[in-house]
K.L.:
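Once you've had a glance at the structure underneath, I'll fire off some questions.
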There are 2 protein chains.
Amino acid sequence: MRTLKYAILGLINRRPSTGYDITKEFKAELGNFWRARHSQIYPELKRLVDEGLIEYETVIAGEALEKKVYSLKDKGREELLEWLNKDEKMVPTAKDKFRLRMYFSSNIEQEHLVELLESQLEQRREKLATLKKKIDGYSEVPQFGSQEFGDYLVLESAILREAAYVEWLERSIKRCSQ
Amino acid sequence: MRTLKYAILGLINRRPSTGYDITKEFKAELGNFWRARHSQIYPELKRLVDEGLIEYETVIAGEALEKKVYSLKDKGREELLEWLNKDEKMVPTAKDKFRLRMYFSSNIEQEHLVELLESQLEQRREKLATLKKKIDGYSEVPQFGSQEFGDYLVLESAILREAAYVEWLERSIKRCSQ
DNA sequence: ACGTGCATGTAAAGCGTTACATGATTAC
DNA sequence: GTAATCATGTAACGCTTTACATGCACGT
């Protein structure tokens, strides 16, 4: 499947990056939909070099700090485009531990169950607020074909997802108290 | 983390089950939020027995077919309850390959991008319709504390999740054509 | 001088999928 | 009889997390 491979190719395609840069990207917006730690990223970068999909230039920052700045080779861009254009089926399961817990909620005491739901609600509301603040930074929908268009799409997606989660939690809390 | 462990304990707590039963559950409603294959389930059952959390009785079906019917031991129920009552932080990333693709959508041709979005939309709409049909089977919200209450909560959750996905895809298709 | 962030790696363990392997039961 | 479903397992591989490990740069 190698999803990480394509995530990395996609990021490097946006702009030449170091492993550290890529690690940071996964902590930002993109991190809402895919994440990887540096311990996974560095070996994957090495592998992509071996496969001839990317290459790097060593750059010295300051006096001695070595950075490896990776960029796409033709073959890498090719494979990225191929993956991007694939029409894959939806995956049937988006794992969610909290919802799994709620499936067994009949074993939790009413009061505590409400507490658990409230706790999630607070976190989700906060997340939603952060995302909304970010989208307010756009004065208009970015132009189709720009990198910002992709940013915008997934930001909107994250907002709708969180809003739905919040809505569910609110409803569930009500249902507990009836 | 051992989430599968608790999923299995939860299922066995609902009713004594075989590995095959548990495999089926993961393909049903619950499968919207957690899934595991039999190759993961059988070893985990063995492990839970070793740990003294569950036990089994061998039952002969028909002439010779051996079934292992697992049930919870006290320690298993204890650990399940402990897990259920834990207030865990939300996980920051629900991985989604399609949204990852859309993050890099500036590299996809407009027409084809719309096709990809439409393809996802069709699948999500179908899923949503199936889920809605299921919730229509409930004449009313099940009573708090019943097993059905948990079923209902996660069903509603799945519906809201899919509805949000559909909403996002519809918006995105519009945004592509503007 | 000290702390935070920049920068790169490896090792071990755990989690999950795909494939291999086998055999009984039931409904048509 | 034969196909679908019931039923249980193992092996190999791949993906992901946690922990170990090191050192430079920059601002205060």
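Both backbone and side-chain heavy atoms feed into the values below; hydrogens, waters and symmetry mates do not. Note that the structure is a prediction, hence the values are computed from the model and not measured. To find a chain, count down the sequence lines: A is the first, B the second, and so on, and within it residues start at 1.
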K.L.:
Please state how far atom NZ in B:Lys24 lies from atom P in D:dA4, giving the value in whole angstrom units.
P.N.:
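That distance rounds to 17 Å.
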K.L.:
Classify the ring geometry of B:Tyr56 against B:Tyr70: parallel below 30°, tilted from 30° to 60°, perpendicular beyond 60°.
P.N.:
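The rings of B:Tyr56 and B:Tyr70 sit tilted, inter-plane angle from 30° to 60°.
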K.L.:
Cation-pi check, B:Arg14 to A:Tyr103: give yes when NZ or CZ is under 6.0 Å from the six-membered ring centre and within 45° of the ring axis, no otherwise.
P.N.:
yes
K.L.:
Whether B:Arg2 and B:Glu51 form a salt bridge (side-chain N of Lys/Arg under 4.0 Å from carboxylate O of Asp/Glu) is what I want to check.
P.N.:
yes
K.L.:
Hydrophobic clusters join Ile, Leu, Val, Met, Phe, Trp and Tyr when side-chain heavy atoms are under 4.5 Å apart, directly or via other members; which others share one with B:Val69?
P.N.:
B:Val59
K.L.:
Answer yes or no on whether A:Arg161 is positioned over the face of B:Trp168, meaning its NZ or CZ is under 6.0 Å from the six-membered ring centre and within 45° of the axis.
P.N.:
no
K.L.:
What string of B, S and - do you get for nucleotides 8-15 of chain D, 5' to 3', if B is base contact, S is sugar-phosphate-only contact and - is no contact with any protein heavy atom under 4.0 Å?
P.N.:
BBBB---S
K.L.:
When you compare the side chain of A:Leu155 with that of A:Leu131, does any pair of heavy atoms fall below 4.5 Å?
P.N.:
yes
K.L.:
What residues, two or more places apart in sequence or in another chain, satisfy side-chain contact (heavy atoms from CB on, under 4.5 Å) together with A:Glu79?
P.N.:
A:Lys5, A:Tyr6, A:Leu53, A:Lys75
K.L.:
Expressed in angstrom and rounded to an integer, what is the separation of A:Glu57 atom CD from C:dA7 atom C1'?
P.N.:
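Roughly 16 Å, once rounded to whole Å.
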K.L.:
Treating primed atoms plus P, OP1 and OP2 as sugar-phosphate and everything else as base, which nucleotides of nucleotides 22-28 of chain D get B, S or - for protein heavy atoms under 4.0 Å?
P.N.:
-BSS---
K.L.:
Using whole Å, what does the distance between atom P of nucleotide D:dT17 and atom CZ of A:Arg35 come to?
P.N.:
9 Å
K.L.:
Taking five pairs at each end, how big is the angle between the two axes of the helix from C:dA1-D:dT28 to C:dC28-D:dG1, to 10°?
P.N.:
30°
K.L.:
Sequence neighbours excluded, which residues qualify as ring pair (Phe, Tyr, Trp, His ring centres under 6.0 Å) partners of A:Trp34?
P.N.:
none
K.L.:
Just the rounded figure in Å: distance from P of C:dG16 to CD1 of B:Ile8.
P.N.:
11 Å
K.L.:
Please lay out, stage by stage, how A:Asp96 and A:Tyr165 fare under the test side chain to side chain donor-acceptor pair (under 3.5 Å).
P.N.:
CA-CA 11 Å; A:Asp96 184 330; A:Tyr165 214 115; 2.8 Å; yes
K.L.:
How about A:Phe33 and B:Lys97: do any of their side-chain heavy atoms sit closer than 4.5 Å?
P.N.:
no
K.L.:
For B:Phe26 and C:dC15, give me the distance from atom CZ to atom C1', rounded to whole Å.
P.N.:
13 Å
K.L.:
Donor-acceptor check, side chain of B:Ser17 to backbone of B:Arg15, threshold 3.5 angstrom: yes or no?
P.N.:
yes
K.L.:
A:Leu4 has an atom CG; how far is it from atom P of C:dG16, in whole Å?
P.N.:
17 Å
K.L.:
Could you tell me how far apart A:Ile22 (CD1) and C:dC6 (C1') are, to the nearest whole angstrom?
P.N.:
15 Å
